[in-house]
Amino acid sequence: MSNTPGASFNIGKEARDLLYKDFAYQPPVRFDYRSLNWSSDVSCKVKLIAPGLSTLFSFTIPDYGRVELQYESPFAGIAGGMGLIRNSSNTYDPVANFSGVVGIGGSSLFTIGADLAVDIATGAFDNNAGLSFNSAFATVSLSLDKLDTLKASWYHMVNPLTNTALGAELKHSFSTNDTALAVGARHAFLPSTLAKARVSTHGSVGVVIQQGFWQKIFMSISGEVDFVGMNKSPKIGLSLAVRL
């Protein structure tokens with residue numbers, strides 16, 4: 001229902017970004033024109049006067065937009081926001097989101113978080129919860145999405161100098177009784193050139209090449225092939241990110 005990440009979004013984020021970010025994938029609801037799928041992500045975080053308090057403005061055009069108020073401290077964070085999300089009828093539903101995260105132990109050795117999203121129009125809600133163990137060797141997380149999908153992820157930074165990392169995610173859907181494993185790797189061949197690859201037990205293989213310019217502009221070219229699904233046509237993606 002909701003694309004609003006909330007305060008608990010960072011639980012499992014490192015493995016999630018390695019395995020899925022910048023690959024040839026589009027949100028479930030998107031703009032289609034003659035087999036061309038596109039979306040535009042714009043986000044801005046404004047720090048307020050009070051310590052730890054900030055406002056996040058985020059839009060994925062044409063799918064959703066949100067405004068969120070966040071409070072962060074060294075060991076905890078809470079967030080609440082309102083947004084609009086596009087539905088299958090190409091109209092927009094108002095959604096409210098509330099979330100919180102708590103770190104336990106020195107430098108947040110353990111992290112526990114949860115979030116709740118409510119569709120204001122229908123009263124339907126989604127709730128997610130997760131926890132993670134964070135160490136210098138690896139980050140391991142466990143989460144339950146919408147009381148249906150259980151995910152376990154693992155992330156390990158092999159070499160910070162070359163940004164070489166490994167990641168894996170095992171997920172199981174109780175409603176469909178489906179289990180899938182995805183593993184991936186990342187490596188920077190040059191300071192401004194990054195490559196990622198991912199394979200899944202569902203038969204998909206994906207590759208991303210990202211090139212940075214002036215440490216502000218990043219262009220990514222991705223390709224993905226599903227060898228098991230009915231649609232075996234390769235997907236090609238192109239993305240451009242500008243970070244100010």
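The structure displayed is predicted, hence computed values, not measured ones.
Annotation: the span from Thr179 atom OG1 to His172 atom NE2 amounts to 4.5 Å, rounded to 0.5 Å. The CD1 atom of Ile120 sits 15.0 Å away from the CZ atom of Phe125 when rounded to the nearest 0.5 Å. For the atom pair CG (Leu18) and CD (Glu169), the distance works out to 11.0 Å, reported to the nearest 0.5 Å. In this structure, CZ on Phe98 lies 11.5 Å from CG on Asp115, to the nearest 0.5 angstrom. One finds the OG atom of Ser54 at 10.0 Å from the CZ atom of Phe57 (value rounded to the nearest 0.5 Å). The line from OH of Tyr155 to NZ of Lys13 is 10.0 Å long, rounded to the nearest 0.5 Å.
Between the side chains of Glu68 and Ser58, not a single donor N or O lies within less than 3.5 Å of an accepting N or O. Side-chain contact, Gln210 with Ser220: a donor N or O sits under 3.5 Å from an acceptor N or O. Using modelled atom types, one finds a donor on one side chain and an acceptor on the other under 3.5 Å when comparing Thr162 with Thr164. Between the side chains of Ser222 and Asp22, not a single donor N or O lies within less than 3.5 Å of an accepting N or O. Under 3.5 Å, the side chains of Ser143 and Asn128 contain no donor-acceptor pair of N or O atoms.
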Quick one: side chains of residues 202-209, donor-acceptor pairs under 3.5 Å with protein atoms, not counting sequence neighbours, listed by atom name and distance.
residue: His202; atom: NE2; partner: Asp178; partner atom: OD1; Å: 3.3
residue: His202; atom: NE2; partner: Asp178; partner atom: OD2; Å: 3.1

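In terms of heavy atoms, Ala138 sits closest to Trp154 at CB-NE1, 3.6 Å.
In this structure Arg198 satisfies the salt bridge (charged side-chain N to carboxylate O under 4.0 Å, His left out) test together with Glu224, sequence neighbours excluded.
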Item to complete: Could you go through the side chain to side chain contact (heavy atoms under 4.5 Å, CB included) check for Asp93 and Leu84 one step at a time?
Response: CA-CA 5 Å; Asp93 297 329; Leu84 294 173; over 6 Å; no
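Between the side chain of Arg186 and the backbone N or O of Asn163 there is at least one donor-acceptor pair closer than 3.5 Å.
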